[in-house]
Amino acid sequence: MDKTSPSQIVSSQKKSCEFRIQGRKLSKLLVFAVFGLAVFSLIGQFAKYYLNYQRLHLVRFFYLDAENNLPTWYSSVALLICCVLFAIIAFVKKRDSDRYTRHWIGLAIIFFLLSMDETASFHELTNGTFRSIFNASGLLYYTWVVPAAILVVLLLFIYLRFLFALPTQTRRAFVIAGIVYVAGALGMELIGGWYTESYGANDIIYALIITVEECLEMFGVVILIQALLDYISNYLPPLKLSFE
């Protein structure tokens, strides 16, 4: 008599299930999401300043410069996706005893912190302290950009060899993503700080500055996500997720 155990029967009946992430389609979806958020944010600001629209809670829900709203949640999730992708690469690199494993782990941690900061806005809490320390104004009105810029330069120095060790296509995409993101997060923040101190933060011009700033940040993250997915697809062995 066949004494096949129940676990063997279940195992023999299992069918493999494969999940595929199509990088190009995901990137297109994210690009459309960014454009959509920008358009709805600008429509809300136009309605607020020119049409005397009274439902300000709805305007705030889509405004790119507000906190705890749809754009904030999107940005936090996008940065968290980068964190997960970096962590996946770091896991494989650690298994293979790659010399740059710690660099991949470091990037996963950085993007986890960026995702958390996007939701909690920790960096904005430092503005008052740094502004009083540096007696800053004008372009440095949002004074957190000073330590942030120093940190960016330091990270660039630490990761320089890592960058040159990457495949050419990946390195180029990382550099472009970094330039686009920093141009928004720091470059446009300088302009926004000067405008806020000079004219205030309650007009359509400020809303346009913020739109450019946030779109640069979000497009930089989209470029990075696409680069990471391409790297995983082209340079890592096939990945399999299983539960036992």
Side-chain angles (χ1 to χ4, degrees), residues 23-24 26-28 30-31 33-35 37-38 64 71-72 74-90 93 98-119 121-124 139-140 142 144-193 209-236:
R24 300 297 174 182
L26 177 60
S27 296
K28 288 180 180 179
L30 295 178
V31 167
V34 173
F35 273 119
L37 291 171
L64 291 175
T72 301
Y74 165 84
S75 295
S76 182
V77 170
L79 289 166
L80 193 59
I81 290 173
C82 290
C83 166
V84 171
L85 294 177
F86 277 122
I88 290 172
I89 297 173
K93 296 296 182 180
D98 187 90
R99 62 179 297 188
Y100 292 110
T101 299
R102 288 182 296 178
H103 291 74
W104 291 106
I105 294 174
L107 288 170
I109 294 172
I110 289 171
F111 276 84
F112 175 78
L113 295 176
L114 286 174
S115 176
M116 296 300 99
D117 180 70
E118 190 66 35
T119 302
S121 300
F122 294 123
H123 68 278
E124 294 185 1
L139 290 174
L140 297 180
Y142 293 137
W144 70 267
V145 299
V146 176
I150 295 173
L151 184 60
V152 168
V153 173
L154 180 61
L155 287 174
L156 182 60
F157 177 77
I158 294 173
Y159 275 84
L160 200 56
R161 287 188 178 181
F162 168 82
L163 276 174
F164 281 101
L166 292 172
T168 303
Q169 182 180 357
T170 305
R171 179 171 64 250
R172 186 183 300 117
F174 273 29
V175 171
I176 293 173
I179 291 174
V180 172
Y181 186 86
V182 172
L186 297 183
M188 292 303 300
E189 188 81 346
L190 294 174
I191 298 174
I209 294 173
I210 286 299
T211 300
V212 175
E213 174 186 332
E214 295 295 332
C215 283
L216 285 173
E217 290 183 28
M218 290 188 284
F219 280 130
V221 174
V222 172
I223 296 170
L224 182 60
I225 289 174
Q226 179 62 59
L228 290 170
L229 289 173
D230 286 344
Y231 183 86
I232 291 173
S233 176
N234 295 327
Y235 300 103
L236 264 60

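Note that these values count all heavy atoms, side chains included, but never hydrogens, waters or copies made by symmetry. Since this is a predicted model, take the numbers as computed values, not measurements.
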Check: [Y] and [X] side chains under 4.5 Å, non-hydrogen atoms:
X	Y	value
Y142	L186	no
Y74	V34	yes
V212	I191	no
F174	L224	yes
V221	C82	yes
D117	L113	no

Distance, nearest 0.5 Å, that separates [atom1] of [X] from [atom2] of [Y]:
X	Y	atom1	atom2	value
I89	L228	CD1	CG	5.0 Å
L64	I210	CG	CD1	8.0 Å
I88	W104	CD1	CH2	12.0 Å
M218	L216	CE	CG	9.5 Å
F111	L85	CZ	CG	10.5 Å

For [X], enumerate each residue passing the side-chain hydrogen bond (donor to acceptor under 3.5 Å, both in side chains) test, keeping only those at least two apart in sequence or located in another chain.
X	result
T170	none
S27	Q226
S115	S76

Residue pair [X] / [Y]: nearest heavy atoms and the distance that separates them:
X	Y	value
A108	C83	O-SG, 3.3 Å
T211	A38	CG2-CB, 4.1 Å
D98	T101	O-OG1, 2.8 Å

Please list every donor-acceptor pair under 3.5 Å in which a side-chain atom of residues 157-168 meets a protein atom from a residue at least two apart or in another chain.
| from | atom 1 | to | atom 2 | distance (Å) |
| --- | --- | --- | --- | --- |
| Y159 | OH | H103 | O | 2.8 |
| Y159 | OH | L107 | N | 3.4 |

Going by the salt bridge (charged side-chain N to carboxylate O under 4.0 Å, His left out) test, which pairs reach into residues 217-236, not counting sequence neighbours? R24-D230

Identify, with sequence neighbours excluded, every residue that meets side-chain contact (heavy atoms from CB on, under 4.5 Å) alongside I223. I176, A177, V180

